[in-house]
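Encoded as structure tokens, the structure appears first; notes follow it.
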Amino acid sequence: MKNYSQVSYFNLTAYFDTGTLKYMYFILVLSLYLSIIAANVLLIVLICVNRSLHEPMYLFLCSLFVNELYGSTGLFPFLLFQILKDIHTVSVSFCFLQIVCVYSYATVECLTLAIMSYDRYLAICYPLHYNTHMTSHKVFLLISLSWLVSFLSVIVTTSLSSSLHLCGNIINKVGCDNYLLVKLACSDTTVNNIYGLIITVIVVIIPLFFILYTYMRILKVCFSGSKQTRHKAVSTCTPHLASVINFAFGCFFQVIQSRFNLDNVPNMLRIFLSIYFLTCQPLFNPLMYGLNMSKIRIICKNLFN
């Protein structure tokens, strides 16, 4: 097999010829991207300028919305550019840049959702001690750690992948994917696989189990608590739980496409599944929280009335 360890670009083969329809797809994708920017920026500004929203829950939300902007920016400009091209290639350096962006977005998302579940757990299960446990210093520490851990883990991942000798340059997706890139390697990938497994457990599996644990405790308090406690839990936990489920589905679709042969699945469906968590999640979160969080909803009503 020919060694492509010095390749300068990758071919993205998930794209297909749409003819003149590419301009319609371009407008649709651009509209979606602009909607994501508008929704997330609006909520970030609302949280920053309204002192009544300078509470731990809303500060964690602000970090989440910043991450939605960051993650969608790692995909949409690239996607818009590729839609208008006839030959779908990407340079090696830009491919690794996109991997850093997308993977760090997913890691920050997972860690932030876990931190938010911890915040809701303290607020509902230990309301009298909440302000003692969740200080402003702790809030900023948790937010900083979620971003720092994410970038450090992904930088190590891409460093390991960039040192591999490749035997091909074909990626069957609309964007770059580290797992598919590692599969192109002719050299030993044991270190990459072990590190990838460890990081997956640390930043995905453990946070998801932690979220499950906190919600089990929250449900226990709700069933034994007052009507007011149940109402508080439902109003603050529903959007968070919906966000966790939506993100989990997106990650599941991503794993399925990377690990299994989906040649029999329609191409449009494969493309949708591969970018689901970078398109639906960034729009889903601001809409869900904006509509369900009473303080944000009231401020939005006053703003537009």
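None of the values given here were measured: they were computed from a predicted structure.
Nearest heavy atoms, V156 versus Y195: CB-OH, 3.2 Å. Here the shortest heavy-atom pairing between I124 and C237 reads CD1-SG, 3.6 Å. Here the closest heavy-atom approach between residue S146 and residue S150 is recorded as O-OG, 2.5 Å. When every heavy atom of I171 is checked against every heavy atom of G175, the shortest pair comes out as CG2-O, 3.8 Å. Residues F76 and L278 share a closest heavy-atom pair of CE1-O, 3.5 Å. What you find for D188 and L164 is that their closest heavy atoms are O-CD2, 3.8 Å.
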Check step by step if side-chain contact (heavy atoms from CB on, under 4.5 Å) holds for I218 and R120.
CA-CA 8 Å; I218 289 170; R120 292 301 82 208; 4.2 Å; yes
One pair to check against side-chain contact (heavy atoms from CB on, under 4.5 Å): M134 and M57. What are the steps and the verdict?
CA-CA 10 Å; M134 194 56 72; M57 177 172 59; over 6 Å; no
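Two residues are said to be in side-chain contact when any heavy atoms from C-beta on lie closer than 4.5 Å; F65 and Y289 meet this criterion. With contacts defined as side-chain heavy-atom distances shorter than 4.5 Å, the pair V66/I44 qualifies. Looking at heavy atoms from C-beta onward, F284 lies out of side-chain contact with E68 at the 4.5 angstrom threshold. Inter-residue side-chain proximity for P207 and L113 is flagged as unmet; no heavy-atom pair is nearer than 4.5 Å. Taking 4.5 Å as the limit, every side-chain heavy atom of L61 sits out of range of all side-chain heavy atoms of L43. In this structure, L184 and N169 have side chains that are not in contact, with every pair of non-hydrogen atoms separated by 4.5 Å or more. Counting heavy atoms from C-beta on, the side chains of M116 and L64 come closer than 4.5 Å. Contact of the V204 side chain with the T107 side chain is not registered, since no non-hydrogen atoms from C-beta on lie closer than 4.5 Å.
Remark: F151 CZ is packed, more than 12 non-hydrogen atoms of other residues, nucleotides or ligands lying under 6.0 Å away. Annotation: F94, atom CZ; neighbour count of heavy atoms from other residues, nucleotides and ligands within 6.0 Å is above 12. Annotation: L84, atom CG; neighbour count of heavy atoms from other residues, nucleotides and ligands within 6.0 Å is above 12.
Exactly one residue among D119, T135, N131, I143 makes a side-chain contact (heavy atoms from CB on, under 4.5 Å) with P56. That residue is D119. Considering Y9, F78, F10, Y15 in turn, Y15 is the only one that fulfils the ring-ring contact (aromatic ring centres under 6.0 Å, His included) rule with H88.
Annotation: Y215 is in aromatic contact with H240 [ring centroid separation under 6.0 Å]. For Y121 and Y126, the gap between ring centers is short of 6.0 Å. In summary, the aromatic rings of Y276 and F253 are positioned with their centroids under 6.0 Å apart.
Side-chain atoms of T13 and N11 form no donor-acceptor pair, as typed in the model, at a separation below 3.5 Å. Looking at S72 and Q281, their side chains never bring a donor and an acceptor atom within 3.5 Å of each other. With hydrogens and angles left out, the side-chain atoms of Y33 and T73 include a donor and acceptor closer than 3.5 Å. Side-chain contact check for N285 and E109: at least one donor-acceptor pair (N or O, by modelled atom type) lies under 3.5 Å. A side-chain donor from one of N178 and S161 sits under 3.5 Å from a side-chain acceptor of the other.
In this structure a side-chain-to-backbone donor-acceptor pair under 3.5 Å is present from D177 to L180. Not a single donor-acceptor pair under 3.5 Å links the side chain of T189 to the backbone N or O of N192. At distances below 3.5 Å, not a single donor-acceptor pair connects side-chain atoms of N67 with backbone N or O atoms of S63. Side chain of Q82 to main chain of P77: no donor-acceptor pair is present (N/O by atom type, distance under 3.5 Å, no hydrogens or angles). Between the side chain of S187 and the backbone N or O of H165 there is at least one donor-acceptor pair closer than 3.5 Å. Under a 3.5 Å cut-off, the side chain of N40 and the backbone N or O of P282 do form a donor-acceptor pair. A donor-acceptor pair is defined here as one N or O able to donate and one able to accept, closer than 3.5 Å; no such pair exists between the side chain of S243 and the backbone of P239.
At a threshold of 4.5 Å between side-chain heavy atoms, the hydrophobic network of Ile, Leu, Val, Met, Phe, Trp and Tyr places L145 and W147 in two separate groups. With hydrophobic clusters built from ILVMFWY side chains whose heavy atoms lie under 4.5 angstrom apart, M288 does not share a cluster with Y105. A continuous path of hydrophobic side-chain contacts links V41 to F60 [ILVMFWY only; heavy atoms under 4.5 Å]. Put simply, Y70 and I275 are part of the same group of oily side chains (I, L, V, M, F, W, Y) that touch within less than 4.5 Å, one to the next. Residues Y103 and L97 are members of one and the same hydrophobic cluster, defined by side-chain heavy-atom contacts under 4.5 angstrom among Ile, Leu, Val, Met, Phe, Trp and Tyr.
A disulfide is assigned to C95 and C176, since their SG atoms are nearer than 2.5 Å.
With respect to D86 and K22, a salt bridge is recorded, a charged nitrogen being found less than 4.0 Å from a carboxylate O.
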